[in-house]
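To start, the structure under review is shown below, and the notes come after it.
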Amino acid sequence: MTGALSASNIQSSAGEVTDNGIDYDITLDERYETLSQIEDTVITTIDGQVVRVGDVAQVVVGEEEGGRQSYLNGEPIISISITASSDSNETTVASTVREALGGIIDTLPEDVHLNIQRDSTESIVDTMGEVYNSAWRGPCEAPLPGGFLLAGLQD
């Protein structure tokens with residue numbers, strides 16, 4: 001059932017078209033919008049009979065019962081994962097989320113804490129910082145014709 005639901009609930013890049021020198025991204029957006037769409041998802045066919053999610057499960061909006069529990073240092077937590085869409089800039093999304101968290105933190109009750117446990121864009125930002133530094137530093141440290149260095153000219 002999980003495979004059928006995942007295969008029918010998709011948002012992804014489907015390619016690119018160029019028209020008059022302008023590139024257009026094509027995005028496939030087949031996400032569920034209603035409970036009936038989930039209920040109508042075909043799971044399998046048995047002896048020519050289509051079996052849908054609604055035939056074998058009750059689909060409701062509500063809190064998850066059971067399932068996975070998340071803990072940090074032995075304490076139960078609420079875990080939220082934010083994923084950038086395929087047509088967005090991951091570091092821009094992370095920066096926007098961090099800015100929004102600043103306002104959210106101020107509204108939380110005293111005993112509720114918000115922590116970022118992992119940000120996959122930190123390594124991207126660090127790497128890009130090194131690339132920029134090398135790009136600026138490289139020409140300044142390069143020898144000039146005649147054996148001169150910008151760092152210290154000598155007679």
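For the single chain, residues carry numbers from 1 onward in sequence order.
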Tabulate below the donor-acceptor pairs under 3.5 Å that side-chain atoms of residues 93-104 make, not counting sequence neighbours, or state none.
unit_1 : atom_1 : unit_2 : atom_2 : d
Thr96  : OG1    : Thr92  : O      : 2.9
Arg98  : NE     : Asp119 : OD2    : 3.3
Arg98  : NH2    : Asp119 : OD2    : 3.0
Arg98  : NH2    : Glu122 : OE2    : 3.2

Worksheet entry | Apart from Ile26 itself, residues in the same hydrophobic cluster as defined by side-chain heavy atoms under 4.5 Å | Val17
Response to the item:
Connected to Val60, directly or through other members, by ILVMFWY side-chain contacts below 4.5 Å are none
For a quick test of your reading: what N or O donor-acceptor pairs under 3.5 Å do the side chains of residues 41-55 make, sequence neighbours left out?
unit_1 : atom_1 : unit_2 : atom_2 : d
Thr41  : OG1    : Tyr32  : OH     : 2.7
Thr41  : OG1    : Gln37  : O      : 3.0
Thr41  : OG1    : Ile38  : O      : 3.2
Arg52  : NH1    : Asp40  : O      : 2.9
Asp55  : OD2    : Arg52  : N      : 2.9

Discussion item. Holding to side chain to side chain donor-acceptor pair (under 3.5 Å), I want the full list of residues that pass it with Asp23, two or more places apart in sequence or in another chain.
Written reply: Thr18
Item to complete: For residues 100-113, pull every pair meeting side chain to side chain donor-acceptor pair (under 3.5 Å), keeping only residues two or more places apart or in separate chains.
Response: none
Worksheet item: Which residue pairs pass the salt bridge (charged side-chain N to carboxylate O under 4.0 Å, His left out) test when at least one of the two sits in residues 69-81, sequence neighbours left out?
Response: none
Discussion item. Are there over 12 heavy-atom neighbours, none belonging to Glu16, within less than 6.0 Å of that residue's CD?
Written reply: yes
